[in-house]
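Only one structure is covered here, and it is reproduced in the block below.
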4 protein chains.
Amino acid sequence: MDVVRAEDAGAAAGTGERRPKRMPRAVRERQMLDAAVRIFGRRGYRAASMDEIAELAGVSKPLVYLYLNSKESLFTACIRREAQALAEAVREGVDPALPADRRLWEGLRAFFTHTAEHPDGWAILHRHARTRGEPSAAEVAALREGITAFVTELIQAAAREAHGGPGPAEREVAGLAQALVGAAESLAAWANTDGSVAANEAAATLMNFAWAGLGNLMAGHRWSPAER
Amino acid sequence: MDVVRAEDAGAAAGTGERRPKRMPRAVRERQMLDAAVRIFGRRGYRAASMDEIAELAGVSKPLVYLYLNSKESLFTACIRREAQALAEAVREGVDPALPADRRLWEGLRAFFTHTAEHPDGWAILHRHARTRGEPSAAEVAALREGITAFVTELIQAAAREAHGGPGPAEREVAGLAQALVGAAESLAAWANTDGSVAANEAAATLMNFAWAGLGNLMAGHRWSPAER
Amino acid sequence: MDVVRAEDAGAAAGTGERRPKRMPRAVRERQMLDAAVRIFGRRGYRAASMDEIAELAGVSKPLVYLYLNSKESLFTACIRREAQALAEAVREGVDPALPADRRLWEGLRAFFTHTAEHPDGWAILHRHARTRGEPSAAEVAALREGITAFVTELIQAAAREAHGGPGPAEREVAGLAQALVGAAESLAAWANTDGSVAANEAAATLMNFAWAGLGNLMAGHRWSPAER
Amino acid sequence: MDVVRAEDAGAAAGTGERRPKRMPRAVRERQMLDAAVRIFGRRGYRAASMDEIAELAGVSKPLVYLYLNSKESLFTACIRREAQALAEAVREGVDPALPADRRLWEGLRAFFTHTAEHPDGWAILHRHARTRGEPSAAEVAALREGITAFVTELIQAAAREAHGGPGPAEREVAGLAQALVGAAESLAAWANTDGSVAANEAAATLMNFAWAGLGNLMAGHRWSPAER
DNA sequence: AATGAATGAGGATTCATTCAT
DNA sequence: TATGAATGAATCCTCATTCAT
C-alpha cells in the first residue's frame with residue numbers, strides 16, 4: 001500500500017499503454033520516496049541500489065536523480081519524511097485534555113501502532129540511519145530527542161499529578177525516559193516480528209513498566225546493591 | 001587496543017624484516033578478526049571493504065580469503081566471536097550463589113561494562129547483524145534469545161524469592177524481558193555517548209525500573225486505560 | 001557583457017511575469033549563442049553541458065534544440081559566428097589606403113584587441129575547435145587560412161613596397177606567415193594572462209620580429225647551421 | 001611504436017595464450033601510460049574513456065585504477081611523462097660546447113624532431129592540458145616556463161656573443177622568447193600536419209626569424225607605427 | 001513560441017574474489 | 001605460510017536528446 005506501481009496508477013480505461021504516464025512532479029516524487037523507503041528499509045543504505053529503487057518506483061533512474069539529486073539526499077529525504085510522519089502520529093494520537101498518565105498511554109499506543117504500520121520507515125529510522133554520517137544521523141537524533149523530550153515532560157507531569165510535589169530529579173527522569181524510549185523501540189521490533197503481539201499489548205507492558213518505576217521513584221524506593 | 005598491527009606483534013629479535021613474520025594460523029586469524037570487527041563495527045557490512053580489513057590486519061587479501069573464505073563468512077565469524085564474548089562476560093559476571101536480585105544486578109552490570117568496552121563488537125551485534133540475511137541474523141537471534149532466557153529465568157527466580165507464589169505468567173515475563181533488553185541497549189548507547197554516565201548508573205536506572213515493574217506485576221497492580 | 005540573462009532583457013513594462021518573455025527568434029538565438037560561447041570557451045566541447053548552456057541562456061533545453069538542432073551544430077554555429085567576428089574585426093581594423101607595413105601593423109593590433117576582448121570566443125577557435133572532428137575543424141581551418149592568406153599577402157606587398165623586386169618565394173612566406181600567426185596566438189594568450197602587456201605592446205613585439213625577418217629574407221641573409 | 005599490445009609482448013614461443021600474461025607492475029604501468037597518451041592525445045581529456053584506454057593497454061579497467069588511481073591522476077601522469085621526455089629531448093639535443101646560435105638552432109631542431117615523433121604527447125601538452133584545472137595546467141606551465149627560460153637564456157647569450165654588450169632588456173627578451181616558443185608550437189603543428197615540411201625546415205624558418213629579430217633588437221632598429 | 005516530463009546510453013569508480021607463484 | 005597480479009560485475013551518476021502539451 002505504501003508503494004504504487006505507476007502502471008496501476010496510470011492504467012486508465014484499458015488503454016494498454018506500456019510507458020508510464022506523464023505525471024506531475026509531486027506525484028512522481030512521492031512514488032519515488034515510497035519506493036526508496038521500502039528498499040532502504042529492507043536492505044540498508046549501502047545495499048540498496050538506485051536501480052532497484054527506480055524500478056520499484058516505475059521510473060527510470062535519471063528521473064530519480066533529476067528530482068532527488070543523489071542517493072544520499074534521497075536517503076535523507078526518506079528519513080525526514082518518515083521522522084515527521086512518526087512524530088506527527090504520536091502527537092496526533094495524544095489528546096492534550098487528558099491527564100498525564102492517559103496521555104503517556106496514548107502516546108505509546110500511537111507509537112506502536114504507527115511503527116507497526118510502517119515497518120520500513122521504522123527500520124530506516126531505527127536501524128539504518130544511525131550508520132550513516134552526519135546528515136542522516138542528525139535528522140534521527142532530532143526525532144529521538146523530540147520524542148524523549150515529549151516523554152520526559154509527560155513523566156514529569158504524571159509525577160506531579162499522581163503524587164504531588166515537585167517531581168523527581170531532572171537527571172533521573174532523563175535516564176528513565178531514555179530507557180523507556182529504548183524499551184519502546186525494542187518492543188516495537190518485537191511486536192512487529194511476532195505478529196500476535198499487538199500495539200495495545202506492547203503499550204500496556206511498557207506502561208506498567210513505566211508507571212511502577214515512576215511510582216517507586218516518587219516514593220523514594222530505590223533498589224540498590226547493598227539494600228538486600 | 002582491540003587491534004594490533006602485525007608489525008608490532010611480529011617484530012621479533014630485530015631481524016629488520018619488513019614483511020610480516022610468518023605466524024601460526026591462530027594468531028593471524030585473531031588479527032584478522034580484530035581488524036574485521038573494528039571495520040565492520042564502524043562501517044556496517046556493506047560499507048566495510050575487504051581491502052581495508054586486510055590492510056588493518058597487516059596481511060594481504062588472499063590470506064584473509066585463505067583463512068576465512070569470504071566476506072560473509074568473515075562477518076559471521078565476527079558475530080560468533082563477539083556474541084560468545086558477550087555471553088561469557090555476562091555469565092562470568094554473575095555469582096550463582098547470590099540471591100536472584102543481586103544476580104540480576106550483576107548481570108546487568110557485566111552487560112553494560114562489556115558493551116562499553118567493546119563498542120565495535122556491540123555495534124556489530126546490535127546494529128549491523130540484523131540487516132544481513134539468515135546466517136548472521138540467526139547467530140544474533142541465538143545470542144539474544146540466550147540473554148532473554150537468562151533474564152527471564154532470573155526474573156522468575158527473583159519473583160519467587162521476593163513474593164512467593166508461582167511467579168508471573170510466561171508471556172508477560174517475555175514482554176518484560178524484551179523491554180528490559182531494549183532499554184538496556186538504549187541505555188548502553190546513552191551511557192556510551194554521554195561519558196559521564198557510567199555503567200553503574202545505567203544498571204541502577206534499569207534495575208529500579210525492572211524491580212518496580214516486577215513488583216507491580218507480582219502484586220497484580222496493572223495500569224490500564226480504564227483504571228483512571 | 002557577452003551574455004545577457006533573458007530576465008533582464010525581457011522585463012518590459014512591469015508585467016511581473018516570471019517566465020521569459022516571448023521573443024523573436026533572432027534575439028533568442030543570439031542569447032543562446034552568447035551562452036554557448038561562454039560555456040564552450042571555458043569548459044571545452046565535451047565538458048560543456050547543454051543544461052548549463054540553456055540555463056545561462058535563460059531558456060529551456062528543448063528550445064535550444066528547436067533552434068540549434070544539436071550540440072554539435074550549436075558548437076559549429078559558435079565557431080562560425082566567432083570566426084566571422086574575428087575576421088571582420090581584423091579586416092575593419094585595416095585601412096587599405098595605408099602602406100603595407102602599416103596595414104600589417106594595424107591588422108596585428110586589431111587581432112590582439114579583438115581576442116583580448118573576446119577571450120571565450122578566442123578559446124573556442126584557438127583551443128577547442130581543433131579537437132573536434134570535421135565540421136568544426138574545417139570551419140576553423142578556413143578562418144586560419146583566411147588570416148594566413150591575408151598575412152601572406154600583406155607580407156608580399158610589404159616586401160615589394162619596401163625592397164622592390166618580385167618578393168620572396170611562396171613557400172618561405174607561407175612558413176613565415178604560419179610562424180607569425182602562431183606567435184600572434186601565443187602572444188595573445190600571454191597578453192591576456194599578464195594584464196600589463198597590452199595589445200599594443202604585443203603587436204609591436206611581433207611587428208619588430210616580422211619586419212626584421214622579412215628584411216633578412218629579402219636581403220637573402222639566411223642563418224644556416226654551416227654559416228658559423 | 002608507442003603502444004605495444006600485451007598480446008605482442010607476452011606471446012612467447014607460440015603458446016597461443018589468450019589471457020594477457022602476468023607482468024611486473026612497472027611494465028604494465030608503462031603500457032597503460034602509452035595507451036593513455038595515445039587516447040588522450042587524440043580525443044582530449046573528456047572525450048577519452050577509461051574503457052578505451054584499458055582496452056588499448058590490453059588490461060582490464062580495474063587494473064588501471066589500481067595502478068593509476070583515477071582518470072585525473074592518469075592524465076597528470078601522462079603530462080608529467082611527456083613533459084619530461086620533451087624537456088630531456090631538447091636538453092640532450094644541445095651541445096653546451098657550441099656557440100649560442102648553434103645551441104639555439106639545435107634546441108629548435110630537437111624540439112621539432114621530438115614533437116613530430118610524439119604527436120600524441122605533444123597534443124596533450126599543447127592542446128589538452130591547458131583546458132584542465134590546476135594539477136595539469138601547473139605541470140604544463142612548468143614545462144613551458146622551463147623552455148621559455150632556456151630560450152631566453154640562449155637569446156641573451158647569443159646576443160652577447162654576436163654583438164657584444166650587455167644584451168637586450170629583460171622584458172623585450174621575454175616577449176621575444178614567448179613569441180618564439182609560440183611560433184615554434186604553431187610550426188610544429190604545421191610541420192606535423194603537412195608531412196612534407198620537416199623538422200629541419202621548420203627550425204630553419206624559425207631560426208631566420210629569430211636571428212634577424214635579434215639582430216634588429218641589438219642594433220636598436222625597431223619598427224614603430226610612426227616611423228614611416 | 002515555449003516547456004515540464006522523461007529516458008537510453010555511457011562513463012568513472014569500487015569491490016569481492018581468484019590465480020600463479 | 002603468504003602475496004603480487006588481475007578481473008567480472010556492479011554501482012552511482014551525467015548527458016544529449018525527445019515527446020506531449
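Naming convention: chains lettered A, B, ... in sequence-line order (proteins, then strands); numbering from 1 in each chain. We use all heavy atoms of the structure for the numbers below, so side chains are in, but hydrogens, waters and symmetry mates are not.
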For DNA chain F, find the residues of residues 42-51 of chain C with a heavy-atom distance under 4.0 Å and give them by number; none if there aren't any.
C/A48, C/S49, C/M50
Check whether any side-chain heavy atom of A/H128 sits under 4.5 Å from a side-chain heavy atom of B/R127, and report yes or no.
no
[X] has a side chain; which of [options] sits nearest to it?
X     : options               : value
A/K61 : E/dT7, F/dA16, F/dC12 : F/dC12
D/R22 : E/dC19, F/dC12, E/dA2 : E/dC19
D/S60 : F/dT14, E/dA2, F/dT7  : F/dT7

Within residues 66-76 of chain B: residues closer than 4.0 Å to DNA chain E (heavy atoms):
B/S70, B/K71
Please work out which of the three classes, parallel, tilted or perpendicular, describes the rings of C/F75 and C/F40, given edges at 30° and 60°.
perpendicular
Reading 5' to 3' and counting Watson-Crick or G-U wobble pairs with both distances under 3.5 Å, write the dot-bracket notation for DNA chain E, | for bases paired outside the strand.
.||||||||||||||||||||
For side-chain contact (heavy atoms from CB on, under 4.5 Å), just list the numbers for D/V37 and D/R42, CA-CA rounded to whole Å, side-chain angles, deciding distance to a tenth of an Å, and then say yes or no.
CA-CA 8 Å; D/V37 166; D/R42 294 181 183 196; over 6 Å; no
Is a side-chain donor or acceptor of C/K71 paired with a backbone partner of C/A48 at a separation under 3.5 angstrom?
yes
Using a cut-off of 4.0 Å on non-hydrogen atoms, how would the nucleic acid contact of A/R25 be classed: base, sugar-phosphate, or nothing?
sugar-phosphate
Any chance you could lay out the salt bridge (Lys or Arg N to Asp or Glu O under 4.0 Å) test for A/R43 and A/E52, step after step, and finish with the verdict?
CA-CA 11 Å; A/R43 303 231 191 297; A/E52 207 182 354; 2.5 Å; yes
C/R28 side chain N/O closer than 4.0 Å to the phosphate oxygens (OP1, OP2) of E/dA2?
yes
